[in-house]
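Worksheet for the structure shown next.
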2 protein chains.
Amino acid sequence: MNDIYALLEENNLSRTPCRVEILKTLSQAGSALSESEIRDKLGYNYDRTTVYRTLRNFLNQNVIHSISLEGGEVRYAMTPSRDKPHGTHHVHFYCNNCSGVYCISHKPFNTPRLPSGFSPENFDLLVHGKCKNCSV
Amino acid sequence: MNDIYALLEENNLSRTPCRVEILKTLSQAGSALSESEIRDKLGYNYDRTTVYRTLRNFLNQNVIHSISLEGGEVRYAMTPSRDKPHGTHHVHFYCNNCSGVYCISHKPFNTPRLPSGFSPENFDLLVHGKCKNCSV
DNA sequence: TATTGATTTGCAACGCTGTTGCAAATATAA
DNA sequence: TTATATTTGCAACAGCGTTGCAAATCAATA
């Protein structure tokens, strides 16, 4: 709980109930959540607009990050502290069975050679498969 | 042109002007296109619905594939013939300067170790940076 | 070529995600 | 406690993608 207050303070964000609850929800969630999942978990006590604006603020400050899935679905998750100020290699796992999205260790990984002329700046790897809970 | 007719035939899709024009557009485009870019290139001669339905058919048959970008934007591109019936390793490049999206060679690449219990099935790597035309 | 039947298309309407403008409510600092 | 800045809720909007249904088009046959 104090972590959350500290996180807000570090990022010059005032401590409002909405912000605190969203961060608490994302911290406790085992996987990345969509905006509607977040609002659902908060009992629809906050307006859609407010939640989106809050998420946008968090994204701008890199407090959270977003993961884009096939078909344009977007999920939000806490940014691991090791990834501040900025990470270049990101790995996420999408479970084909339960649709859960998990942030995986962000250590730089080997990347394929690109055609000449292309200069890479960062890498986002999305792995599809069966997650811990679903791979029997 | 005959390639396109053949492609439709192989996939049991009747040869309609809309399908032919969309495939022609995607084949000639140097980069992946959004639905609205496609419709724009076709001079808005086809209904949005028709274009979406056509793209969905092509996706189902793996004639094209979609690439999901940050913020939920989706682009469509021809599936390279080497990727049929199915590829497990996909690489796309997003240019931070011109916003172009390019399909990169799909040879299997080294992937990071996953936490135990996670079983990967396929890998989608999105590289951000400057493309051939935009890097200096 | 004309006819039939299946497929494709356009239109209207809808749902979902995300945004903006503005006024009311709340937080912060004096 | 008051004054100022920030945050919130509401209404409205834009864009992407979908569905239902009737009209148009395609493909196969006669």
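A, B, ... follow the sequence lines: proteins, then strands. Residue 1 opens every chain. Hydrogens, waters and symmetry mates play no part in the numbers below; they use all other heavy atoms, side chains included.
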Contact span of DNA chain D against chain B, any nucleotide atom under 4.0 Å from a heavy atom, 5' to 3', runs D/dC16 to D/dA27

Residue set satisfying salt bridge (charged side-chain N to carboxylate O under 4.0 Å, His left out) with B/Glu21, at least two apart, ordered chain then number -> none

Tell me which donor-acceptor pairs under 3.5 Å the side chains of residues 6-15 of chain B have, and how far apart each pair is, sequence neighbours excluded?
| residue | atom | partner | partner atom | Å |
| --- | --- | --- | --- | --- |
| B/Asn11 | ND2 | B/Leu7 | O | 2.8 |
| B/Ser14 | OG | B/Arg19 | NH1 | 3.1 |

Would you please indicate if the ring centroids of B/His92 and B/His65 are separated by under 6.0 Å? yes

Under 3.5 Å, N/O pairs linking protein and nucleotides 12-14 of chain C:
none

Reckon B/Tyr76 touches a base, only the sugar-phosphate, or nothing at all at heavy-atom distances under 4.0 Å? sugar-phosphate

Under 4.0 Å from OP1 or OP2 of C/dG18: is there any side-chain N or O of A/Tyr52 that close? yes

Round to the nearest Å and state the distance from B/Asn12 atom CG to C/dT8 atom P. 10 Å

Residues passing the side chain to side chain contact (heavy atoms under 4.5 Å, CB included) test with A/Asp3, sequence neighbours excluded, are none

Nearest-nucleotide comparison on DNA chain D, the residue closer to the 5′ end among B/Glu35 and B/Thr16: B/Glu35

Those residues that, when tested against A/Phe93, pass ring pair (Phe, Tyr, Trp, His ring centres under 6.0 Å) (two or more places apart): B/Phe118

Send over the distance from A/Leu13 CG to C/dA27 P, rounded to a whole Å. 15 Å

Listed by chain and number, what are the salt bridge (charged side-chain N to carboxylate O under 4.0 Å, His left out) partners of A/Glu73, not counting sequence neighbours? A/Arg75

So, using side chain to side chain contact (heavy atoms under 4.5 Å, CB included) as the criterion, who are the partners of A/Ser119 when residues are at least two apart? B/Lys130, B/Ser135

Whole angstroms only, please: what is the CZ-P distance between A/Arg53 and C/dT17? 18 Å

Do A/Thr79 side-chain atoms and A/Ile64 backbone N/O form a donor-acceptor pair below 3.5 Å? yes

Nucleic acid contacts of residues 25-32 of chain A, taken as heavy-atom distances under 4.0 Å to DNA chain C: none

Using whole Å, what does the distance between atom C1' of nucleotide C/dT8 and atom CG of B/Asn57 come to? 9 Å

Find the bend of the helix from C/dT1-D/dA30 to C/dA30-D/dT1 as the angle between its two terminal axes (five pairs each), to the nearest 10°. 30°

Can you measure B/Arg15 atom CZ to C/dA6 atom C1' for me and round it to whole angstrom units? 18 Å

Under 4.5 Å side-chain heavy-atom separation, chaining through any Ile, Leu, Val, Met, Phe, Trp or Tyr, what else clusters with B/Leu126? Say none if it is isolated. B/Ile67, B/Leu69, B/Tyr94, B/Val101

Heavy atoms only: give me the nearest A/Tyr46-A/Arg39 pair and the separation to one decimal. O-CD, 3.3 Å

Taking atom P of C/dT8 as reference, at what distance in whole Å does atom CD of B/Gln61 sit? 10 Å

Heavy atoms only, 4.0 Å cut-off, all strands: where does B/Ser14 land among base, sugar-phosphate and nothing? sugar-phosphate

Applying side chain to side chain contact (heavy atoms under 4.5 Å, CB included) between A/Pro112 and each of B/Val127, B/Ile104, B/Leu125, report the one that passes. B/Leu125

Taking CG from B/Asn60 and C1' from C/dT8, how many angstroms apart are they, rounded to a whole number? 15 Å

Test of understanding: with side chain to side chain donor-acceptor pair (under 3.5 Å), list the residues that count as partners of B/Asn133, not counting sequence neighbours. none

